[in-house]
Protein chains: 2
Amino acid sequence: MIVTVTLNAALDTTYRLDALRPGDTNRVASVAQRAGGKGVNTARVLAARGRSVLVTGLAGGPSGQALRDDLDASGLPHRLTPVQGATRRTVAVVADDGEVTGLWEPGPEISAAEWRRFAEHDFPSALAEAEVVVVSGSLPPGVPVDAYALLLRRAAQLGVPAVLDADGEALLAGLAGRPALVKPNAEEARRATGAVHPAAAADRLRELGAATAVVTAGADGLFGSTAGSRWHTPAPRRVHGNPTGAGDAATAALAIALAEGLPWARATADAAALAAAAVAAPLAGDYDPALYRELLKASDAYSGPHPGLHADR
Amino acid sequence: MIVTVTLNAALDTTYRLDALRPGDTNRVASVAQRAGGKGVNTARVLAARGRSVLVTGLAGGPSGQALRDDLDASGLPHRLTPVQGATRRTVAVVADDGEVTGLWEPGPEISAAEWRRFAEHDFPSALAEAEVVVVSGSLPPGVPVDAYALLLRRAAQLGVPAVLDADGEALLAGLAGRPALVKPNAEEARRATGAVHPAAAADRLRELGAATAVVTAGADGLFGSTAGSRWHTPAPRRVHGNPTGAGDAATAALAIALAEGLPWARATADAAALAAAAVAAPLAGDYDPALYRELLKASDAYSGPHPGLHADR
């Protein structure tokens, strides 16, 4: 089983309308809602890949209930620690011309007792049958900035390898927890390390505590760094669609590789194909299975040692 | 007790942010939620005026629960018929420069059985102790277009005078239920009757079934028509603020007048002052009590017979 952790889960809401007119009253034509947040998206992809999953994290309020209901409806097992505050929403306003305007609520304030209950009880108990744990996304207010380091240390004590995918301070502080794998995107990796080239950033992420680092760089592919080797996986051919959730699909592929002990170069080729197939699916957490198989086949020809550092690139 | 009916209640959500950038991801700085819909706003004003109220209508889903929770927190008694679909939200995105962008969800689909349960059981039983019933706002999908006529006939059978405040087909069809008072705004009255001048529209609304009609025309004041008389109440001095909910405050004043048998000219002077004091309060359903008292005092000097029809005005 692969356990995902989403401390700042979201109820992702999509509003469709003809056009968004700022300063005016806009009648929404249709409303769709679904459970979201990076760990939830990753769990959805893992389940679609046939893996047993468990969604953990924090959820509260009526929006937290709607999130649990959607996980039930999607057949995704979950054990979310109840909190007093209401789970945040993200609203994506999609106009007929394809323009997407995002409105992201801040997360609910988490009390010290709620955080302790998750970190000291619910999280370790969820790891009982875990092969791998994926810890990803932002931290809601009230959760300590070194939350991920604490969870990763706990996972290590329990012998469960961990994947970390985060940004900013949560990423930097989390690296001290020595994840088996860290997987930020290029911008997040640059912010955390100061290194401009993703390959250099991957090296620096290992120095900061990760055993292996994979940096996803969109059309530039994936850059990996592990003990004694570095590699580069080109992106498959350009796919048009919704890039939200593509990184979470890549995380799912890498978590499977970690669970199965696959070679990293094969893992990142899988991640690149799955991420591109996720771009082709309209909703974060979904991917196009036919495109995935096609891209995976094509990718076998490309993977290889990375072309070296070009800091001026 | 005054009973209000809100068939398409809403969870009114306010997002504050620095500026709304269409096509971009916008981080919301703060989120506020409160129970809304025209009947809920009117009930809030009635309760603030010291009247006993009961909020009725339809509510469902997690947003319906949040709406009930807010009514409880506001001390507003409610008996909302549960429905399967989720109560709609309205999202008001308020930027630092004061620009307000509204996103209005459509209402939930109401089943025939849910509508019957409200119309045949919950509504008549809520009227047991009612002095007046206020029926206002839009109809959610699935509710028949002549829903208000049916409710008004039922109220008449039970001897409860009714106020109708609606728009479009719901208003036109509702008039056949012969409300004691109809109170649309000038634009709604024009759409329903074709009469351009609010005074002419008020006359026409009586011909269509209302015993008394009051048309609110913003800065132009209120135009009344009842058996054997017409009158005009000028608006008090211009007040800057949020006009949403001002009409619902006027409805509250008129419902009180109906309950107490006050003369109509006095009722509309009260309504004009209360509506202006509602504009001065930032949230729909609230009003500025000091401003209300001040405007009510000043209005005594102004009310009188209306200045006649000027269709070319």
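Quick note on labels: first sequence line is chain A, next is B, and so on, each numbered from 1.
- The residue among A:Ala95, A:Ala66, A:Pro22 with the most heavy atom pairs within less than 4.5 Å of chain B is A:Pro22.
- With sequence neighbours excluded, the residues that form a side chain to side chain contact (heavy atoms under 4.5 Å, CB included) with B:Pro77 are B:Val53, B:Leu54.
- Interface remark: A:Ala29 contributes backbone atoms only to the contact with chain B (heavy atom separation under 4.5 Å).
- Heavy atoms of B:Val93 lying under 4.5 Å from chain A belong exclusively to its side chain.
- Considering only residues two or more places apart in sequence or on other chains, B:Pro282 meets the side chain to side chain contact (heavy atoms under 4.5 Å, CB included) condition with none of them.
- Taking 4.5 Å as the limit, every side-chain heavy atom of B:Val28 sits out of range of all side-chain heavy atoms of A:Val91.
- A:Val31 touches chain B through its side chain: at least one heavy atom from C-beta onward sits under 4.5 Å away, while N, CA, C and O do not.
- Interface residue A:Leu103: backbone and side-chain heavy atoms are both found under 4.5 Å from chain B.
- Under the rule for a side chain to side chain contact (heavy atoms under 4.5 Å, CB included), the partners of B:Ala275 that lie at least two apart in sequence or sit in another chain are B:Ala246, B:Ala250.
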Using only distance, no hydrogens or angles, which N or O donor-acceptor pairs sit under 3.5 Å between chain A and chain B?
residue: A:Tyr15; atom: OH; partner: B:Glu105; partner atom: OE2; Å: 2.4
residue: A:Gly23; atom: N; partner: B:Thr101; partner atom: OG1; Å: 2.8
residue: A:Asp24; atom: O; partner: B:Gly102; partner atom: N; Å: 2.8
residue: A:Asn26; atom: N; partner: B:Gly102; partner atom: O; Å: 2.8
residue: A:Asn26; atom: O; partner: B:Trp104; partner atom: N; Å: 2.8
residue: A:Asn26; atom: ND2; partner: B:Gly102; partner atom: O; Å: 3.0
residue: A:Val28; atom: N; partner: B:Trp104; partner atom: O; Å: 2.8
residue: A:Thr101; atom: OG1; partner: B:Gly23; partner atom: N; Å: 2.8
residue: A:Gly102; atom: N; partner: B:Asp24; partner atom: O; Å: 2.8
residue: A:Gly102; atom: O; partner: B:Asn26; partner atom: N; Å: 2.7
residue: A:Gly102; atom: O; partner: B:Asn26; partner atom: ND2; Å: 3.0
residue: A:Trp104; atom: N; partner: B:Asn26; partner atom: O; Å: 2.8
residue: A:Trp104; atom: O; partner: B:Val28; partner atom: N; Å: 2.8
residue: A:Glu105; atom: OE2; partner: B:Tyr15; partner atom: OH; Å: 2.4

